[in-house]
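Note that these values count all heavy atoms, side chains included, but never hydrogens, waters or copies made by symmetry. Labels below follow one simple rule: chain letters A, B, ... track the order of the sequence lines, proteins then strands, and each chain is numbered from 1.
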Protein chains: 2
Amino acid sequence: MAASPSGPRRSTVHDVARAAGVSRGTVSRVLNGGYVSEQAREAIHRAISEVGYVPNTAARNLVRQRTQAVGFIVHEPHSLFLEDPNIGGIMLGANTTLSQADYQMVCVVVDTARDTDRVARYLSGGFVDGAVIVSARHQDPISDVVERLRLPVAFVGHPPGISGAWVGIDNRGAAEAVVSRLRETGRRRIGMIAAALDRDSGSDRLAGFRAALGDAFDPALVETVDLYAFADGAAGMTRLLERAPDLDGVFAASDAVAAGAMQALRAAGRRVPEDVGVVGFDDSAWATRTSPQLSTVHQPAEGLGSAAAAAVLAQLDGDQSVRTGILLDAPVVWRDSA
Amino acid sequence: MAASPSGPRRSTVHDVARAAGVSRGTVSRVLNGGYVSEQAREAIHRAISEVGYVPNTAARNLVRQRTQAVGFIVHEPHSLFLEDPNIGGIMLGANTTLSQADYQMVCVVVDTARDTDRVARYLSGGFVDGAVIVSARHQDPISDVVERLRLPVAFVGHPPGISGAWVGIDNRGAAEAVVSRLRETGRRRIGMIAAALDRDSGSDRLAGFRAALGDAFDPALVETVDLYAFADGAAGMTRLLERAPDLDGVFAASDAVAAGAMQALRAAGRRVPEDVGVVGFDDSAWATRTSPQLSTVHQPAEGLGSAAAAAVLAQLDGDQSVRTGILLDAPVVWRDSA
DNA sequence: TTGAAAGCGGTACCAT
DNA sequence: ATGGTACCGCTTTCAA
């Protein structure tokens with residue numbers, strides 16, 4: 001049971017109080033704010049560094065009835081967690097904001113295949129004061145739990161039917177911008193490889209595509225695939241090309257899909273961007289690795305994580321004015337593929 | 001200050017004790033093990049689910065003098081954290097193992113550019129019972145702190161001069177295996193694009209390359225680049241090709257480097273694998289996205305994270321028999337690029 | 001402005 | 001086997 005590093009006992013408020021010649025209460029007051037004479041304050045600060053005092057988190061949390069932890073819930077199989085170019089950035093952003101506010105981020109990955117309700121239990125268990133929830137889906141049981149618990153949360157993305165705070169980008173608007181520009185540059189037969197229609201990001205991108213085309217929209221030019229993945233992009237492109245050999249532009253639902261599409265295009269003897277213009281989505285590492293480099297929509301991943309964390313923090317502070325929806329800017333980046 | 005979700009007060013050991021008609025001590029005993037009559041045990045279990053009891057982590061941690069948290073320290077700039085194909089897997093593996101043991105993983109990313117000693121303080125602050133440390137470097141100040149604190153840790157990778165437990169793969173042996181096979185398949189002028197020589201992984205791969213070649217080793221066939229990155233691979237390959245136009249095989253220090261090298265090779269009119277055989281390292285998403293698909297060394301990323309976490313857990317349990325070094329298997333995967 | 005004291009929710013030791 | 005009780009380190013009334 002040699003759990004804690006042996007060393008000398010960590011010093012406590014008690015030690016500080018004694019060294020400064022005051023009571024524990026006074027020490028606590030300078031730590032947390034309250035009426036303290038300048039003289040006492042100084043003596044205490046000196047004592048603190050003298051005895052090397054560091055507050056005990058557990059004790060503080062116990063009396064304050066908080067855990068000082070925020071969950072980062074990713075509802076995604078491990079493999080997708082690793083593939084997704086945005087999750088890492090979102091996590092980093094959330095972590096930065098949270099730790100600056102002295103909160104710990106506890107990362108929980110719900111491998112969809114396994115039990116969702118392990119997380120539900122976790123959330124109910126009072127292990128966290130709030131949560132950032134990534135890639136929730138419609139009717140997600142986790143969202144239900146959160147609602148019942150009235151736990152301060154923020155979703156990244158905006159699954160329909162969710163009532164809590166959320167932060168996202170304007171997928172639909174960005175898609176429209178992409179397609180409009182494609183048309184402006186002379187593309188006339190523009191197709192789309194849509195993906196992940198079961199989440200808002202996927203369906204909104206498709207909606208934007210459709211809206212931008214208006215009357216010119218042709219359902220035959222949309223190919224739908226399951227995942228935002230390279231292989232899906234390649235397969236989708238191949239099928240799309242069979243149906244519409246005269247196509248001269250493609251909007252792919254993600255960079256990975258776009259990269260796959262480019263591969264299929266090349267295999268079919270089409271040149272990018274000369275014969276077919278290709279645009280992706282995410283501005284992930286993929287975008288600058290394809291040749292030609294991909295035109296795409298920039299996702300502010302760290303910003304999303306950071307904003308979601310801030311929204312949770314605001315609720316934790318009892319801030320009533322929390323906006324329930326925040327849209328971050330997702331500019332289109334034009335490179336060489338279209 | 002409406003921090004905790006309002007709702008009814010959470011029930012405590014006290015409530016359970018009263019509902020079961022026993023004392024708090026007895027309740028604690030069934031929770032933690034000890035002599036309890038079968039009768040009491042049953043009554044208590046019934047009472048627990050009746051009142052919906054969930055233990056309070058803070059209180060338990062306070063009395064036990066532990067935090068029940070383990071740090072996951074990544075000493076890497078944010079951008080590299082996102083690029084590295086292994087870190088995500090390592091993290092997932094560590095997280096899984098840790099949470100199964102009821103530990104929380106607290107992720108700390110040290111953006112090298114900024115203060116390393118913020119982490120040192122964190123570690124000294126008693127916020128965690130132990131730590132998994134990824135990508136430490138030689139003479140890393142963090143390693144020093146850990147040593148001084150005698151904090152239970154495990155490193156992923158094996159930076160020289162580190163005395164604690166570590167888990168890694170046999171970079172050198174894997175590199176040797178790659179090069180030997182390249183020779184067996186008839187390659188005669190084999191070059192290497194070495195990277196990240198400031199870490200053990202990078203220098204060990206180079207050492208293996210050298211060892212496999214023995215007398216045939218030609219320093220002119222080694223090109224060194226800074227990072228395990230695509231762009232570095234492309235640039236390195238270009239330079240290498242200038243020096244050794246007759247080269248017929250390349251061992252790249254990572255898949256990203258290999259992908260960059262393949263691009264440069266193609267630009268120079270060389271066919272892979274006909275003219276030049278290329279082998280990477282990591283078996284990351286890159287490997288199956290290039291065409292032809294990459295032959296490479298498989299990194300058991302989740303396994304590494306999991307093993308490192310287990311090593312920390314073992315030390316926390318006071319297990320004296322912890323092996324200080326664990327090597328996981330990293331098999332070579334032969335695909336089409338060589 | 002400050003000190004004293006009462007808990008926060010558990011665990012563990014001590015008698016019984 | 002069980003109940004009683006002291007205590008973990010800190011915050012927060014309440015008096016003074």
Side-chain angles (χ1 to χ4, degrees), chain A residues 1 3-5 7-45 47-48 51-69 102 124-127 129, chain B residues 1 3-5 7-45 47-48 51-69 102 124-127 129:
Chain A
M1 266 300 311
S4 48
R9 190 181 109 280
R10 273 176 61 187
S11 45
T12 71
V13 168
H14 203 108
D15 303 319
V16 175
R18 208 173 30 207
V22 298
S23 77
R24 303 193 292 162
T26 308
V27 174
S28 181
R29 256 165 252 135
V30 1
L31 258 25
N32 304 288
Y35 295 125
V36 181
S37 67
E38 203 43 53
Q39 182 190 349
R41 183 181 305 278
E42 269 176 37
I44 289 170
H45 276 131
I48 285 180
V51 304
Y53 169 74
V54 180
N56 178 311
T57 319
R60 169 176 284 169
N61 291 348
L62 175 57
V63 60
R64 287 208 182 141
Q65 299 287 66
R66 311 170 151 215
T67 65
Q68 211 67 9
D102 269 319
S124 338
F127 294 104
D129 296 333
Chain B
M1 266 298 311
S4 46
R9 189 181 110 280
R10 274 176 59 186
S11 44
T12 72
V13 169
H14 203 108
D15 303 320
V16 176
R18 208 174 28 207
V22 298
S23 78
R24 301 193 293 161
T26 308
V27 174
S28 181
R29 255 167 252 134
V30 359
L31 259 25
N32 303 288
Y35 294 125
V36 181
S37 68
E38 203 43 54
Q39 184 190 347
R41 184 181 305 280
E42 267 176 38
I44 289 170
H45 276 130
I48 285 179
V51 303
Y53 168 74
V54 181
N56 179 311
T57 319
R60 168 176 285 168
N61 292 347
L62 175 57
V63 61
R64 288 212 183 134
Q65 300 286 63
R66 305 168 154 221
T67 66
Q68 211 67 8
D102 268 318
S124 341
F127 293 104
D129 296 334

Look at the side-chain N and O atoms of [X] and state whether any lies under 4.0 Å from the OP1 or OP2 oxygen of [N].
| X | N | answer |
| --- | --- | --- |
| A:Gln39 | C:dT1 | no |
| B:Arg60 | C:dT11 | yes |
| B:Asn56 | C:dG10 | no |

Start and end of chain B contact along DNA chain D [non-hydrogen atoms, under 4.0 Å]: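 In short, chain B contacts DNA chain D from D:dA1 to D:dG9.
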Residue met sooner reading DNA chain D from 5', once B:Arg41 and A:Val13 are mapped to nucleotides: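 Looking at DNA chain D, the more 5' nearest nucleotide goes with B:Arg41.
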DNA chain D: 5'-proximal contact among A:Thr12 and B:Gly21 (nearest heavy atom):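 Upstream on the strand: B:Gly21.
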A:Ala20 to A:Ala47 - nearest heavy-atom pair and separation: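 Looking at all heavy atoms of both residues, the shortest contact is CB-CB, 3.8 Å.
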Closest non-hydrogen atom pair between A:Asp15 and A:Arg18, with its separation: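 Heavy atoms only, the tightest pair is OD1-NH2, 3.1 Å.
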So, the side chain of [X] versus the backbone of [Y]: is there a donor-acceptor pair under 3.5 Å, distance only?
| X | Y | result |
| --- | --- | --- |
| A:Ser11 | A:Val51 | yes |
| B:Asp129 | B:Thr67 | yes |
| B:Arg24 | B:Ala17 | no |

Student check: side-chain heavy atoms of B:Thr26 and B:Arg41 closer than 4.5 Å: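 No; the side chains remain at least 4.5 Å from each other.
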Minimum-distance nucleotide (side-chain atoms of A:Arg24 versus C:dA5, C:dT11, C:dG9):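 Output: C:dA5.
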B:Tyr53 side chain, from C-beta outward: closest of C:dG10, C:dT11, C:dC8: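 Among the listed nucleotides, the one closest to the side chain of B:Tyr53 is C:dG10.
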